[in-house]
Amino acid sequence: MSKGYLQNDVFSEVVALFCDMMRENVVLNCYTLPVVLKSCCKLLALREGEEVHCIAVKNGFISNTYVGTNLIELYSAGGRVACAYRAFTEMVDRNVVSWTAMINGYVANGDLVSARRLFDLAPERDIVLWNRMVTAYIELGDMMEAKRLFDMMQCKDLMSYNTMLNGYAKNGDVEGCERLFESMQEKNIFSWNGLIGAYAHGGRFLDVLDAFRRMLKETDVQPNDATLVNVLAACARLGVLDFGKWLHKYVEDNGYKGNVYVCNGLVDMYAKCGLVECAIDVFESMDKKDLISWNTIINALAVHGHGANALSIFSKMKNAGEEPDGITFIGILCACSHMGLVEEGLLHFHSMTDEYLIQPKIEHYGCVVDLLARGGLLEQAVEFIHSMPIKADSVIWTALLAASRIHKKVEFAELSLQKLLELDPSNPANYVMLSNVYGEAGKWEDRARLKVAMRDTGSKKVPGWSSIQTQDGVAEFYCFDERHSKTEEIYHALTGLTKLLRLSGFRTDLTELELET
DNA sequence: CTAGGGTTAG
């Protein structure tokens, strides 16, 4: 019965069952307590764990190796390393698993020195212990020491290699990862995921897709959910809709329809590629949804101008019993600010802090500034910035600047720019924005002078870019981009569309579309 | 029938 609960992650039931056993005076054997201790450990139920510890002493199970090892894990998980160590020293029979548990305890509590001391003292070091120690250095970012230990290992297995691959990936060494990957004789799905993860981590999304294609074409290794999630995210970032659609079919043909990770990836891929309707379809087809699913669809709707829909999904989320987190409110505030619902946005911001007790982060304050400023309440936005408990960063001033431009309030634009230049005087992006503001305000001479100054100092803004699938492949583009061979036609089409919008009553600004010569 | 190691989403 306990094992059934344990396997299904319902640890509280194991504890409840054990209470029943005690009440009914069932005689314990050596298999009983390890399961209960493990459940207490998973629940971080330290007090209950201590009671089980007492029961172990009273009933003569304290010398049992499994009991001792579980006690080490329990106390380590609860941050009580000293208690864990005491349990370790009091053990009669310590085997390599007990040593690993104690070393893990030190690692988990940030004491790598003690962990390493025990590692060097351990009477037996098997492959699991070696790998664990290597992982500890990787998690600390010490790839030199990780590599040193890895090279010392006599008994490396595939998992050791994969651990190192992921270490390189996590620490941003794509080349190191590639080199090790190519040197490996045997590769499984974790190896491929390590390589793909390194590319994803490094923003090399085309390489993600290439590696995935290579895996399918040249090996018998089958992708799993982790692979698909990374590949879908790469499609989302690149805007590669056709491959994304192919993946959707692959997912359906290979039994990943019920996989929350994969479906969340699909929803985001469709949203980022512009097909909100498909994103909604996938979302609604999911019978299991988690926090990420709700957040993904809310954000998708918000950024696609379906703010009202985003808000109604938010109520559905709460009705479904899902607790919103900080990311949820980013989507909600974004939806409100894009619909001009200043009052409602502020209400949500206050419910986030007062009702859900979520500590606002700088991005939430940024959303509120955006909400107020976009709504034309520039003065209030500045007041809000001054009332914030955190110092405003460049994102916040940029939001105020953008709104100042929309509402043609040059004095607020100048304030924002002044702050931006103070925060980051060497960032050429700030001068580009200053130049744009002057341009719009008709101060063409100032603008021209600034452009010359920027050219002379050689500062060049690194543009944020987007990309989209075209018939010829993936086209990458940024704001004011003039690199495409059909630039003239593209801007002509955009100008035409903008004029059409204007005819139907939209207030638009054509100056952004004027080609600079 | 019980303890230890690798990847994934907003």
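Here is the naming used below: chain letters follow the sequence lines, and residue numbers restart at 1 for every chain.
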Quiz item: To the nearest angstrom, how far is A/Ile196 atom CD1 from B/dA9 atom P?
Solution: 13 Å
Quiz item: Could you state the CG-C1' distance from A/Asn259 to B/dT7, rounded to the nearest angstrom?
Solution: 13 Å
Exercise. Check the geometry between A/Tyr261 and B/dT8 and answer yes if their rings are stacked (centres below 5.5 Å, planes below 30°), otherwise no.
Key: yes
Quiz item: With sugar-phosphate meaning primed atoms plus P, OP1 and OP2, does A/Cys263 contact a base, only sugar-phosphate, or nothing at under 4.0 Å between heavy atoms?
Solution: nothing
Practice problem: Look at all strands and tell whether A/Ile330 reaches a base, only sugar-phosphate, or nothing, counting heavy atoms closer than 4.0 Å. | Solution: nothing
Exercise. Report the nucleotide, chosen from B/dT8, B/dG4, B/dA3, that has the shortest atom-to-atom distance to any side-chain atom of A/Thr65.
Key: B/dA3
Practice problem: Would you mind reading off the distance between A/Met215 atom CE and B/dT8 atom C1', rounded to a whole angstrom? | Solution: 13 Å
Quiz item: Contact class for A/Asp225 vs. all strands (heavy atom < 4.0 Å): base, sugar-phosphate, or nothing?
Solution: base
Self-check item: Centroid-centroid distance, A/Trp99 to A/Phe88, less than 6.0 Å
Solution: yes
Quiz item: Rounded to the Å, how far apart are A/Phe11 CZ and B/dA3 P?
Solution: 11 Å
Quiz item: Just checking A/Asn188: base, sugar-phosphate only, or nothing, at a heavy-atom cut-off of under 4.0 Å?
Solution: base
Quiz item: In whole Å, what is the span from the CZ atom of A/Phe205 to the C1' atom of B/dA9?
Solution: 14 Å
Quiz item: A/Asn29 CG to B/dC1 C1': how many Å, rounded?
Solution: 8 Å
Practice problem: Measure from NZ or CZ of A/Lys187 to the centre of the six-membered ring of A/Phe181 and say whether it is under 6.0 Å with the direction within 45° of the ring axis. | Solution: yes
Quiz prompt | From B/dC1, B/dA3, B/dA9, nucleotide with atom closest to A/Asp290 side chain | solution = B/dA9
Quiz item: Across the strands shown, which category fits A/Thr100 at heavy-atom distances under 4.0 angstrom: base, sugar-phosphate, nothing?
Solution: base
Quiz prompt | Output field: ring centroids A/Phe150/A/Tyr161 closer than 6.0 Å | solution = yes
Quiz item: Which nucleotide, B/dC1, B/dT7, B/dA9, lies nearest any side-chain atom of A/Ile292?
Solution: B/dA9
Quiz item: Going by the angle between their ring planes, with limits at 30° and 60°, are A/Phe329 and A/Tyr356 parallel, tilted or perpendicular?
Solution: tilted
Quiz prompt | Proximal nucleotide (of B/dC1, B/dT2, B/dT7) relative to the A/Asn224 side chain | solution = B/dT7
Exercise. With heavy atoms under 4.0 Å as the rule, sort A/Val96 into base, sugar-phosphate or nothing.
Key: base
Quiz item: Does the ring centre of A/Phe119 sit less than 6.0 Å away from the ring centre of A/Trp130?
Solution: yes
Quiz item: Hey, does A/Lys289 reach any base, or is it just sugar-phosphate, or nothing, if we go heavy atoms under 4.0 Å?
Solution: nothing
Quiz item: Roughly, in whole Å, what's the span from CZ in A/Phe212 to P in B/dT7?
Solution: 20 Å
Exercise. Report yes or no: does A/Thr65 contribute a side-chain atom to a donor-acceptor pair with the main-chain N or O of A/Asp93 at less than 3.5 Å?
Key: yes
Self-check item: Proximal nucleotide (of B/dC1, B/dG4, B/dT7) relative to the A/Lys3 side chain
Solution: B/dC1
Quiz item: Which part of the nucleic acid does A/Ile127 contact within heavy-atom distance under 4.0 Å: base, sugar-phosphate only, or nothing?
Solution: base
Quiz item: Taking the side chain of A/Val97 as heavy atoms from C-beta outward, which of B/dA3, B/dC1, B/dA9 is closest to it?
Solution: B/dA3
Practice problem: Would you please confirm or rule out a distance under 4.0 Å between OP1 or OP2 of B/dG4 and any side-chain N or O of A/Lys38? | Solution: yes
Quiz item: Is there ring stacking between A/Phe190 and B/dT7, where the centres must be under 5.5 angstrom apart and the planes under 30 degrees?
Solution: no
Practice problem: Please state whether the base of B/dA3 and the side chain of A/Asn95 form at least one donor-acceptor pair under 3.5 Å? | Solution: yes
